[in-house]
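All chains are named by letter (A, B, ...) in the order of the sequence lines, taking the proteins before the strands, and each is independently numbered beginning at 1.
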Protein chains: 2
Amino acid sequence: MNPDESEHRLSRATASRLSLYLRCLSMWQRDGIARVSSGVIAETLGLNDTQVRRDLASIGSLGRPGIGYPLSELIEAIREVLGVNRSWKTILVGVGNLARALLRYRGFQEQGFDIVALFDSDPAKVGTAVGSLAIRAMTELPKTARTCHAEIGILTVPADFAQSAADAMAEVGIRGILNFAPVILRLPETIRCVNVDLTIQLEQLAFQIVRD
Amino acid sequence: MNPDESEHRLSRATASRLSLYLRCLSMWQRDGIARVSSGVIAETLGLNDTQVRRDLASIGSLGRPGIGYPLSELIEAIREVLGVNRSWKTILVGVGNLARALLRYRGFQEQGFDIVALFDSDPAKVGTAVGSLAIRAMTELPKTARTCHAEIGILTVPADFAQSAADAMAEVGIRGILNFAPVILRLPETIRCVNVDLTIQLEQLAFQIVRD
DNA sequence: GGATGTGAACGACTTCACAGCG
DNA sequence: CGCTGTGAAGTCGTTCACATCC
């Protein structure tokens with residue numbers, strides 16, 4: 001909005017909380033609520049209210065003293081800084097149970113992640129479909145991914161196939177990978193990667209229980 | 001090992017990295033490697049080597065100058081502080097595609113997370129089985145969970161059913177919940193919760209791409 | 001009174017620099 | 001020389017306290 005470039009490059013800690021805010025703000029928007037205060041957000045998520053204000057202030061002065069934040073403007077502003085106020089063409093490699101669970105979940109589509117193609121190396125799966133999406137052979141990945149300008153790749157393959165699938169993605173201009181395989185991928189510096197390792201999450205849960 | 005209580009209560013940041021170390025250490029163990037240095041671990045994971053040494057020093061002086069760390073002792077020590085050098089009786093509620101993906105993945109079992117019972121509210125599923133585990137009705141949860149002393153609950157139900165399923169878990173002595181539903185659960189202070197919200201992970205990926 | 005935004009204090013985490021062992 | 005462990009310095013993130021505005 002401002003003419004001056006005031007993108008204060010927000011910290012990763014702030015960015016991950018903005019996603020959380022977005023979750024409860026969207027919920028309240030469905031409930032027809034129009035305004036919200038930092039105190040309510042903090043209470044809901046178990047955070048400090050000053051922290052919420054700092055995070056929200058870092059994306060622009062949307063709040064008004066005594067009033068709070070307007071819900072829809074706030075949601076739009078957060079979606080903008082997170083980069084989800086647009087559509088991301090997404091491909092998925094490895095159509096097992098996990099992939100089917102992801103495809104059934106409508107939250108991705110709502111947040112702009114548009115899954116445009118599925119790939120699998122299992123010949124028995126190639127040619128079948130999940131919903132309205134056909135499963136293609138890995139050999140078709142380069143051409144298909146390039147023609148639909150896919151930028152994000154979801155990796156739901158077994159561990160021993162993950163690196164080669166990631167390499168294939170890297171070669172066709174994918175800019176970010178959401179990796180569910182429990183391996184550490186070697187990727188070019190230009191490609192971002194977020195790992196979802198469920199064993200790690202369970203270990204952290206165990207740690208939190210035993211440390212009490 | 002020491003007679004004095006030297007549990008220096010490690011930070012959450014350190015704990016989450018210990019899980020990462022465990023991943024690559026286990027990998028190297030399978031490859032038959034016996035020793036490892038902080039530099040190699042740091043390089044593999046894209047971290048600073050001093051940080052790796054600090055983390056490892058915080059769980060005991062296992063390293064030897066000029067030599068490195070003995071792999072198997074290190075793995076055992078990390079598993080101990082994370083609380084995964086034991087078995088955790090685990091129940092799962094909501095047997096959809098995501099649950100089937102988790103059940104097929106053998107990594108949980110290997111790290112000591114022993115899934116002992118499945119529950120679902122869909123009468124069509126109750127009575128059927130996944131692998132060797134029967135799917136039970138939600139009404140059986142209290143008795144079953146108590147008799148097998150379940151301590152961890154995995155929640156893979158649709159969003160609108162998550163809170164009530166979490167309440168049911170809380171009532172039977174579950175100490176920690178791994179929640180895959182995209183909702184913020186209200187839980188007693190005594191119950192730990194780790195949320196795996198896949199939309200949040202995708203948003204963080206988008207953010208990392210656009211911020212470059 | 002009710003709520004935001006922010007300098008300043010505080011605390012947590014990371015990295016540097018280096019002593020010391022193998 | 002290679003590598004660990006750690007005081008000290010530096011960086012980053014959180015919380016307090018309060019001026020300000022509705």
Enquirer: Look at all strands and tell whether B/Leu47 reaches a base, only sugar-phosphate, or nothing, counting heavy atoms closer than 4.0 Å.
Expert: nothing

Enquirer: Would B/Gln51 and B/Asp55 count as having a side-chain donor-acceptor pair, cut-off 3.5 Å?
Expert: no

Enquirer: What is the distance, rounded to the nearest whole Å, between atom CG of B/Leu74 and atom P of D/dC3?
Expert: 16 Å

Enquirer: Looking at the side chain of A/Thr50, which of C/dT4, D/dC22, C/dT6 is the nearest nucleotide?
Expert: C/dT6

Enquirer: Once you apply a heavy-atom cut-off of 4.0 Å, does A/Ser38 come out as touching a base, just sugar-phosphate, or nothing?
Expert: sugar-phosphate

Enquirer: Could you label the plane-to-plane angle of the A/Trp88 and A/Phe113 rings as parallel, tilted or perpendicular, counting under 30° as parallel and over 60° as perpendicular?
Expert: parallel

Enquirer: In whole angstroms, how far is the P atom of C/dG22 from the CG atom of B/Leu62?
Expert: 15 Å

Enquirer: Whole angstroms only, please: what is the CZ-C1' distance between B/Arg12 and C/dT14?
Expert: 19 Å

Enquirer: Could you say whether A/Arg17 or B/Ser37 is positioned toward the 5' end of DNA chain D, judged by the nucleotide with the nearest heavy atom to each?
Expert: B/Ser37

Enquirer: Could you check whether any side-chain heavy atom of A/Leu56 comes within less than 4.5 Å of a side-chain heavy atom of A/Ile41, counting everything from C-beta outward?
Expert: yes

Enquirer: Heavy-atom distance under 4.5 Å between the side chains of B/Met138 and B/Asp120, does that happen here?
Expert: no

Enquirer: Measure from the side-chain heavy atoms of A/Arg54 and tell me the nearest of D/dT15, D/dC22, D/dT4.
Expert: D/dT15

Enquirer: Nearest to the side chain of B/Ala57 - C/dG22, D/dC22, D/dG5?
Expert: D/dG5

Enquirer: Ignoring backbone atoms, establish whether B/Ser11 has a side-chain N or O less than 4.0 Å from OP1 or OP2 of C/dA12.
Expert: no

Enquirer: Side chains of B/Arg79 and B/Gln111 only: does a donor on one sit below 3.5 Å from an acceptor on the other?
Expert: yes

Enquirer: Hey, which sits more toward the 5' end of DNA chain D by its nearest nucleotide, B/Asp49 or A/Thr14?
Expert: B/Asp49

Enquirer: Could you tell me how far apart A/Tyr21 (OH) and C/dT4 (P) are, to the nearest whole angstrom?
Expert: 12 Å

Enquirer: With respect to the phosphate group of C/dT4, does any side-chain polar atom (N or O) of A/Arg53 fall under 4.0 Å of OP1 or OP2?
Expert: yes

Enquirer: So, OP1 or OP2 of C/dG20: does either fall under 4.0 Å of a side-chain N or O from B/Arg64?
Expert: no

Enquirer: Whole angstrom is fine here: how far is it from CD in A/Gln51 over to C1' in C/dG11?
Expert: 13 Å

Enquirer: Over how many whole Å does the gap from B/Leu56 atom CG to D/dT6 atom P extend?
Expert: 12 Å

Enquirer: Can you find a pair of side-chain heavy atoms, one from A/Tyr69 and one from A/Ser38, that are under 4.5 Å apart?
Expert: yes

Enquirer: Indicate whether OP1 or OP2 belonging to D/dG13 is found under 4.0 Å from a side-chain N or O atom of A/Asn48.
Expert: no

Enquirer: Between B/Ile59 (CD1) and D/dT6 (P), how many Å, whole number?
Expert: 13 Å

Enquirer: Could you state the atom-to-atom distance from CG of B/Leu10 to P of C/dT14 in whole Å?
Expert: 13 Å

Enquirer: Output the single nucleotide from D/dC3, D/dC21, C/dT14 whose closest atom is nearest the side chain of B/Pro65.
Expert: D/dC3

Enquirer: Can you see if the side chain of A/Tyr69 gets near the phosphate of C/dG5 - specifically, an N or O under 4.0 Å from OP1 or OP2?
Expert: yes

